[in-house]
Protein chains: 2
Amino acid sequence: MRTYKQACGLAKTLDLVGDRWSLLIVRELLIRDACRYTDIRKSLPGIATNLLALRLRELESAGILVREAAAPPIATPLFRLTDRGRALEKAVLELGRWGSPLLTTPSRGDKLQAHWLVLPLKLYLRDLKPQEPKILINLRAGADPIAIEASAGNIAVRLGVSEHPDALVKGKPETLLRLFTGRMSLGAALAEGVQWEGNREVLRRVVGTVDAPAPGANLMDSGAAGGVS
Amino acid sequence: MRTYKQACGLAKTLDLVGDRWSLLIVRELLIRDACRYTDIRKSLPGIATNLLALRLRELESAGILVREAAAPPIATPLFRLTDRGRALEKAVLELGRWGSPLLTTPSRGDKLQAHWLVLPLKLYLRDLKPQEPKILINLRAGADPIAIEASAGNIAVRLGVSEHPDALVKGKPETLLRLFTGRMSLGAALAEGVQWEGNREVLRRVVGTVDAPAPGANLMDSGAAGGVS
DNA sequence: CCGGATCCGGGTTGATACTG
DNA sequence: CAGTATCAACCCGGATCCGG
């Protein structure tokens with residue numbers, strides 16, 4: 001294994017997850033608790049099958065994920081993060097936050113899969129009315145539905161469907177992302193084909209600037225927009 | 001440029017800083033405000049000169065750093081992070097935090113340069129007595145002295161020397177790191193050759209468990225230790 | 001010395017074909 | 001479905017050389 005040979009936390013981390021595709025595999029497992037080989041493959045267009053198999057072995061031997069031989073009847077192995085692997089979430093979220101401003105520029109041929117919304121929603125949603133009763137929002141932007149729950153000041157975002165939600169929102173992933181990160185008003189979203197069923201007020205519960213989509217609204221905490229090479 | 005072609009913040013970040021050495025170059029510039037080519041090279045043993053030059057061009061065109069043509073007399077270019085590049089600090093610190101537990105295992109041939117202590121010190125030092133007057137600690141573990149300042153609940157760590165410090169601590173970087181991250185008592189550090197001049201009580205100001213170096217003390221927030229492949 | 005450019009051998013990645 | 005095998009292309013590491 002190629003290593004930097006530096007007694008530095010960052011270098012040690014990159015020794016284990018710095019190779020191409022590694023952190024994207026971790027991202028998939030952060031979003032979907034357990035994955036089959038093919039699930040990961042479909043979410044990583046362009047990865048070679050041998051490379052995916054190699055990375056999974058490497059991450060397994062690094063203690064970041066485990067391969068669970070499934071039940072005897074239909075044995076299809078499942079991959080799941082260990083606690084140690086799940087501890088990468090903060091770092092993954094911070095890397096994703098830094099890259100978010102680059103998503104505002106129109107993507108040429110970029111893919112956007114619905115389940116990827118989970119991580120940015122975790123970053124940008126806030127429970128702005130902690131004293132009010134719990135609310136549930138279901139999102140459907142593609143194959144994988146997303147469930148949002150705001151309760152007592154906390155936000156939970158996960159793949160799946162909540163029962164008896166306060167609202168069900170359908171639309172293209174791009175549009176829902178802009179809507180829920182405060183970069184697009186509800187009116188504009190509806191005009192772009194978003195379907196909102198149920199209570200519309202719950203949007204204000206979790207998104208700050210619903211009606212003030214500042215023209216050059218920047219998702220960053222600070223700093224100028226970076227160029228794209 | 002090779003890109004993942006995914007409309008995902010993490011993927012976009014990795015498109016720009018996911019290549020080998022890129023984040024280590026950012027780390028160097030986070031620690032030393034402005035660097036010459038050779039400074040970076042000395043801190044990255046093993047990097048090929050052409051690769052360093054290439055990475056610097058890539059990071060420059062990504063808006064992460066700028067190349068400052070120095071003053072006319074003796075022109076030696078300086079590299080400095082932009083605001084956008086400095087915004088990577090949180091992500092870099094979180095990646096480093098995740099890798100910290102891997103530093104406890106004896107490193108085979110790993111290099112440890114004194115100035116790398118700056119980032120872990122930023123992570124693990126706390127001002128535990130915010131109401132007391134400001135204190136200054138100078139560290140010397142190698143070529144680059146480090147200045148620590150605790151004041152009003154905040155910790156500042158930078159390369160350099162404070163004037164009239166409360167304490168001056170000299171020793172091997174490994175030992176100072178363990179001492180200031182609470183994994184080694186002061187007594188043990190002194191026994192290993194650490195020289196402490198000045199007030200010894202200031203250590204309690206910034207380090208939590210000075211006298212309780214739990215045997216298997218873990219720097220992680222949670223999770224088991226990962227294996228090393 | 002500083003800041004690279006150039007060349008080369010070997011390792012890694014990407015694409016495709018193939019197998020249990 | 002879950003990989004392995006193969007091979008071309010590219011990237012990386014090390015050495016050398018070269019203009020200020």
Side-chain angles (χ1 to χ4, degrees), chain A residues 1-6 11 14-25 28-29 32 34-62 65-80 109 111 229, chain B residues 1-6 11 14-25 28-29 32 34-61 65-80 109 111 143 229:
Chain A
M1 153 152 274
R2 194 172 47 175
T3 168
Y4 289 112
K5 296 192 179 173
Q6 296 187 0
L14 295 177
D15 281 344
L16 295 184
V17 297
D19 283 326
R20 194 163 165 75
W21 299 107
S22 291
L23 275 181
L24 294 186
I25 294 171
E28 289 305 311
L29 292 173
R32 316 177 180 277
C35 276
R36 291 176 307 175
Y37 185 89
T38 313
D39 296 331
I40 305 177
R41 193 161 138 72
K42 278 187 297 197
S43 288
L44 301 179
I47 193 173
T49 68
N50 58 349
L51 206 46
L52 176 54
L54 175 62
R55 290 286 179 270
L56 288 171
R57 281 196 301 270
E58 292 171 346
L59 293 171
E60 187 181 8
S61 78
L65 57 80
V66 288
R67 179 187 316 247
E68 299 177 349
I74 35 160
T76 160
L78 286 180
F79 298 92
R80 191 187 301 272
K111 307 290 182 188
S229 65
Chain B
M1 151 152 277
R2 193 173 51 174
T3 167
Y4 289 111
K5 296 193 178 171
Q6 295 187 1
L14 295 177
D15 282 344
L16 296 183
V17 297
D19 284 324
R20 193 161 166 77
W21 298 108
S22 292
L23 276 181
L24 293 187
I25 293 171
E28 287 305 311
L29 292 174
R32 315 177 179 277
C35 278
R36 291 177 307 174
Y37 185 90
T38 312
D39 296 331
I40 306 178
R41 192 160 139 73
K42 278 186 296 196
S43 289
L44 301 179
I47 193 172
T49 66
N50 58 348
L51 206 46
L52 177 54
L54 175 61
R55 290 287 179 269
L56 288 171
R57 280 197 301 270
E58 292 170 346
L59 293 172
E60 185 180 10
S61 78
L65 56 81
V66 287
R67 178 186 318 246
E68 298 178 349
I74 36 159
T76 162
L78 287 181
F79 298 92
R80 190 186 302 270
K111 306 290 182 187
S229 63

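Note on naming: letters A, B, ... go to the chains in the order of the sequence lines (proteins, then strands), and numbering restarts at 1 for each one.
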S.K.: With a 4.5 Å limit on heavy-atom distance, are the side chains of A:V17 and A:I25 in contact?
M.R.: no

S.K.: According to a strict under-4.0 Å criterion, is A:R57 in side-chain N/O contact with OP1 or OP2 of D:dT4?
M.R.: yes

S.K.: Take the protein atom CG of B:L52 and the nucleotide atom P of C:dC2, then report the distance between them rounded to whole Å.
M.R.: 14 Å

S.K.: Ignoring backbone atoms, establish whether B:W21 has a side-chain N or O less than 4.0 Å from OP1 or OP2 of D:dG13.
M.R.: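 For D:dG13, OP1/OP2 do have a side-chain N/O of B:W21 under 4.0 Å.
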
S.K.: Tell me the interatomic distance from B:L44, atom CG, to C:dG4, atom P, rounded to whole angstroms.
M.R.: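 These atoms are roughly 15 Å apart.
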
S.K.: What integer distance in Å separates A:L56:CG from D:dT4:P?
M.R.: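 Checked: the CG to P distance equals 10 Å.
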
S.K.: Tell me the bend of the helix from C:dC1-D:dG20 to C:dG20-D:dC1 as the angle between end helix axes, each from five pairs, rounded to the nearest 10 degrees.
M.R.: 30°

S.K.: Could you give the CG-to-C1' distance, from B:D39 to C:dG4, as a whole number of Å?
M.R.: 15 Å

S.K.: One character per nucleotide, please: for nucleotides 15-20 of chain C, 5' to 3', B when the base has a protein heavy atom closer than 4.0 Å, S when only the sugar-phosphate does, - otherwise.
M.R.: BBB---

S.K.: Work out which heavy atom in B:L16 is nearest to a heavy atom in B:L59; give both atom names and the distance.
M.R.: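 Shortest heavy-atom separation between B:L16 and B:L59 comes out as O-CD2, 4.1 Å.
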
S.K.: So do B:Y4 and A:R20 actually touch side chain to side chain, heavy atoms under 4.5 Å?
M.R.: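 Yes, close enough: below the 4.5 Å cut-off.
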
S.K.: Determine whether A:I40 and A:I47 make a side-chain contact, defined as any pair of heavy atoms from C-beta on separated by less than 4.5 Å.
M.R.: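 Not touching, per the 4.5 Å side-chain cut-off.
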
S.K.: Is there side-chain contact between B:L78 and B:R36, with heavy atoms separated by less than 4.5 Å?
M.R.: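 With C-beta onward as the side chain, the pair touches.
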
S.K.: Expressed in angstrom and rounded to an integer, what is the separation of B:L54 atom CG from C:dG4 atom P?
M.R.: 12 Å

S.K.: Taking the side chain of B:T76 as heavy atoms from C-beta outward, which of C:dG3, D:dG13, C:dA5 is closest to it?
M.R.: C:dG3

S.K.: Rounding to a whole Å, what distance do you find between A:F79:CZ and D:dG3:P?
M.R.: 5 Å

S.K.: Are A:L52 and A:Y37 close enough that some pair of their side-chain heavy atoms sits under 4.5 Å apart?
M.R.: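 A:L52 reaches A:Y37 side chain to side chain.
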
S.K.: Report the residues that fulfil side-chain hydrogen bond (donor to acceptor under 3.5 Å, both in side chains) with B:S43, sequence neighbours left out, ordered by chain and then residue number.
M.R.: B:E28, B:Q113, B:H115

S.K.: Could you work out which one of D:dA2, C:dG14, D:dC12 sits closest to the side chain of B:L51?
M.R.: D:dC12

S.K.: B:E60 has an atom CD; how far is it from atom C1' of C:dG3, in whole Å?
M.R.: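 After rounding, the reported distance stands at 14 Å.
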
S.K.: Among the nucleotides C:dC2, D:dG3, D:dC11, which one has an atom lying closest to any side-chain atom of B:R2?
M.R.: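 Within the option list, the nearest is D:dC11.
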
S.K.: Checking contacts here: which listed nucleotide (C:dC2, D:dC12, C:dA5) is nearest the side-chain heavy atoms of B:R20?
M.R.: D:dC12

S.K.: How far apart are the C-alpha atoms of B:L44 and A:Q6, what are their side-chain angles, what is the distance that settles it, and do they pass the side-chain contact (heavy atoms from CB on, under 4.5 Å) test?
M.R.: CA-CA 9 Å; B:L44 301 179; A:Q6 296 187 0; 3.9 Å; yes

S.K.: Take B:R57 and B:E60 through the test salt bridge (charged side-chain N to carboxylate O under 4.0 Å, His left out) and record every step on the way to the result.
M.R.: CA-CA 5 Å; B:R57 280 197 301 270; B:E60 185 180 10; over 6 Å; no

S.K.: How close or far is atom C1' of D:dA2 from atom CD1 of A:I40, stated in whole angstroms?
M.R.: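 Checked: the CD1 to C1' distance equals 11 Å.
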
